[in-house]
Protein chains: 2
Amino acid sequence: MISHAVEDYLKAIYEIDEDFGEVTTSLLAVHLGVAPASVTGMVQKLARAKPRLVNYERHRGVTLTPAGRKVALEVIRHHRLIELYLAQALGYEWDRVDAEAEKLEHVISEEFEDKIAALLGHPVLDPHGDPIPTKDGTVAEPSRQALSSAQPGQTVRVTRVRDDDPAFLRYLAELGVTLNAVLVVADRAPFEGPLHIVIGERAHALGQSVTDRIFVEIEPAAAQGGAA
Amino acid sequence: MISHAVEDYLKAIYEIDEDFGEVTTSLLAVHLGVAPASVTGMVQKLARAKPRLVNYERHRGVTLTPAGRKVALEVIRHHRLIELYLAQALGYEWDRVDAEAEKLEHVISEEFEDKIAALLGHPVLDPHGDPIPTKDGTVAEPSRQALSSAQPGQTVRVTRVRDDDPAFLRYLAELGVTLNAVLVVADRAPFEGPLHIVIGERAHALGQSVTDRIFVEIEPAAAQGGAA
DNA sequence: GTAAAAATTTAGGCTCGACTAAATTATCCA
DNA sequence: TGGATAATTTAGTCGAGCCTAAATTTTTAC
């Protein structure tokens, strides 16, 4: 039996790899809220498990083996399905779903997973735009173009937002930045400095700490409200 | 923070007290699937906790303190609400809900509890007829009259069934014994021996191991199919 | 290229909740 | 009432997963 702790480590390794491309002891320690020494111990154990769950060489970081990746994706599938279910079926706010899913993901049965997946129509994205892995272990590429990299004058559609900070998510909701919201980056943006974004009727100056955590797709140039 | 294990112990103490009127080390050990010595250790700890969760004197059994009872009822409320939610909202069979609720009961938030309670219309009974404790710690008396004690010729309505054996629950479902099903105890039943019960159109001989685990309310004598 | 700083690992220890084996206490029955 | 049996408790151990402090290795900066 795979413990909750092990599931959390494997999930964290997957997520850190997604975000940083490399998984170090200290990144894992911060992500999991444990001491670096604890990470070393657990990672050594995962590398000794049969089947082996991670590849590990001291001081060189960690990668998932196929077996470890499989477990990670199952947990992430649970997490994201549950998030969407909470939002859709129970009316949760999008800043509340993560904490609840964090606990539920480790305990639901396959039957529960299947039932909510069917009920939601086998969805592809969670409430923050993260792709939901399929049962056979396929994951779509997450949207990776940050709003901070958009060019003045561009019209963009929000495809994903970072989900780890509830206060940030509440802030976005208040701003009107929801999934699929259409934003216009103001013309003549300052050379360096906050991007000015038109959301609905209003313009806002958004710092880079904000625009770095919003991912978008560029909308084809067209007769849009902000460009008329 | 109260651990899952502690929650399980307190819930078990409550349930065994309901069923047997006294809570011994060995009953707890069987109920929880652990060794008797483990129970002694944990019970001593619960009695030393502040606030104290159980009253305990060696060799004399255990009772819940008000604080322990409060925790037990919260867990049981979770359990039974979840059972009903799984049956009602997700279409679970009634023999499947217990195992899933057993895991979920320890991890759901108050928000989750409130949302499903509201969605279900603040229900009073779970899928097996067990009363759902209210948030303020009130519990209705469970139905206690066993079908085995019904008299020949009586018409009864099923109010509760034992929920601990999935095979038994599947058997009942196949028989047509659901919550609120109306049964007729055949006249001229053998002096001692299996009760003959008319369910719908068919009669069945039910052993005492079955009729002991079905609880009923006597229906007032009336123009009923079996008594005409 | 080397010294200081940062990251990582090792070593040793803690708590929790289980276990087994042995000792003790309670109960039951002749 | 005593002696066998059953129930319970004590004593000692173990694995999981965390911790801190100290040692080691890697990286950085001059």
Side-chain angles (χ1 to χ4, degrees), chain A residues 1-13 16-17 19-64 68 71-72 75 102-103 105-107, chain B residues 1-13 16-17 19-64 68 71-72 75 102-103 105-107:
Chain A
M1 183 85 301
I2 289 185
S3 70
H4 296 185
V6 167
E7 289 182 349
D8 278 336
Y9 273 87
L10 296 173
K11 180 170 71 133
I13 292 165
I16 291 169
D17 183 54
D19 280 6
F20 296 87
E22 63 167 0
V23 184
T24 65
T25 299
S26 37
L27 281 172
L28 268 173
V30 170
H31 192 99
L32 292 165
V34 301
S38 307
V39 172
T40 300
M42 177 61 93
V43 154
Q44 287 170 342
K45 196 176 132 183
L46 299 179
R48 272 186 271 109
K50 16 179 219 198
R52 182 188 321 229
L53 296 167
V54 304
N55 301 117
Y56 167 65
E57 263 182 300
R58 51 193 164 100
H59 293 104
R60 266 209 243 288
V62 199
T63 58
L64 292 174
V71 173
V75 177
E102 203 63 47
K103 298 173 297 172
E105 65 188 8
H106 302 295
V107 304
Chain B
M1 184 84 302
I2 288 185
S3 72
H4 296 187
V6 167
E7 290 182 347
D8 277 337
Y9 272 88
L10 296 173
K11 180 170 71 132
I13 292 166
I16 291 169
D17 183 53
D19 279 5
F20 295 88
E22 64 167 1
V23 184
T24 65
T25 300
S26 37
L27 281 172
L28 269 172
V30 170
H31 192 99
L32 291 165
V34 300
S38 307
V39 172
T40 300
M42 178 59 94
V43 155
Q44 287 170 343
K45 195 177 136 183
L46 299 179
R48 272 186 271 107
K50 9 179 230 204
R52 183 190 321 231
L53 296 167
V54 303
N55 301 117
Y56 167 65
E57 265 180 299
R58 46 190 173 106
H59 293 104
R60 266 209 243 290
V62 198
T63 58
L64 293 174
V71 173
V75 177
E102 203 63 46
K103 299 173 296 173
E105 64 188 9
H106 302 295
V107 304

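We name chains A, B, ... by the order of the sequence lines, and we start the count at 1 in each one. Heavy atoms only: backbone and side chains are in, while hydrogens, waters and symmetry mates are out.
As a whole-Å value, the separation of B:Phe20 CZ from D:dA7 P is 13 Å. Between the NE2 atom of A:His106 and the C1' atom of D:dA16 there is a distance of 16 Å, given to the nearest Å. Atom CG in B:Leu28 sits about 12 Å away from atom P in C:dA18, given to the nearest Å.
Distance check: A:Ile13 CD1 to A:His31 NE2 gives 10.0 Å after rounding to the nearest 0.5 Å. Interatomic distance, B:Leu27 CG to B:Asp19 CG, rounded to the nearest 0.5 Å: 9.5 Å.
Applying the side chain to side chain donor-acceptor pair (under 3.5 Å) test to every pair with at least one member in residues 34-50 of chain A, sequence neighbours left out, gives no pairs at all.
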Could you please spell out the steps behind the side-chain contact (heavy atoms from CB on, under 4.5 Å) verdict for B:Val34 and B:Tyr9? CA-CA 11 Å; B:Val34 300; B:Tyr9 272 88; 3.8 Å; yes

Candidate pair B:Asp17 and B:Leu64, rule side-chain contact (heavy atoms from CB on, under 4.5 Å), full reasoning: CA-CA 9 Å; B:Asp17 183 53; B:Leu64 293 174; over 6 Å; no

Applying side-chain contact (heavy atoms from CB on, under 4.5 Å), run through A:Glu105 and B:Val107 and close with a yes or a no. CA-CA 10 Å; A:Glu105 65 188 8; B:Val107 304; over 6 Å; no

Apply the test side-chain contact (heavy atoms from CB on, under 4.5 Å) to residues A:Leu46 and A:Leu10: give CA-CA distance (whole Å), side-chain angles for both, the deciding distance (0.1 Å), then the verdict. CA-CA 9 Å; A:Leu46 299 179; A:Leu10 296 173; 4.1 Å; yes

Atom pairs under 3.5 Å, N or O on each side, protein against nucleotides 13-17 of chain C: can you list them with distances?
from, atom 1, to, atom 2, distance (Å)
C:dG17, OP1, B:Ser3, OG, 2.6
C:dG17, OP2, B:Lys45, NZ, 2.2

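The ring pair (Phe, Tyr, Trp, His ring centres under 6.0 Å) check on A:His106 picks up A:His4, with sequence neighbours excluded. For B:Thr63, the side chain to side chain contact (heavy atoms under 4.5 Å, CB included) partners at least two apart in sequence or on another chain are B:Asn55.
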Across nucleotides 5-11 of chain C, 5' to 3', mark each nucleotide with B, S or - according to how protein heavy atoms within less than 4.0 Å reach it. --SSBB-

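Sorted by residue number, the list of members of residues 47-54 of chain A with any non-hydrogen atom under 4.0 Å from DNA chain C is empty.
Applying side chain to side chain contact (heavy atoms under 4.5 Å, CB included) to B:Val6 and the options B:Met1, B:Met42, B:Lys11 leaves one that passes, B:Met42.
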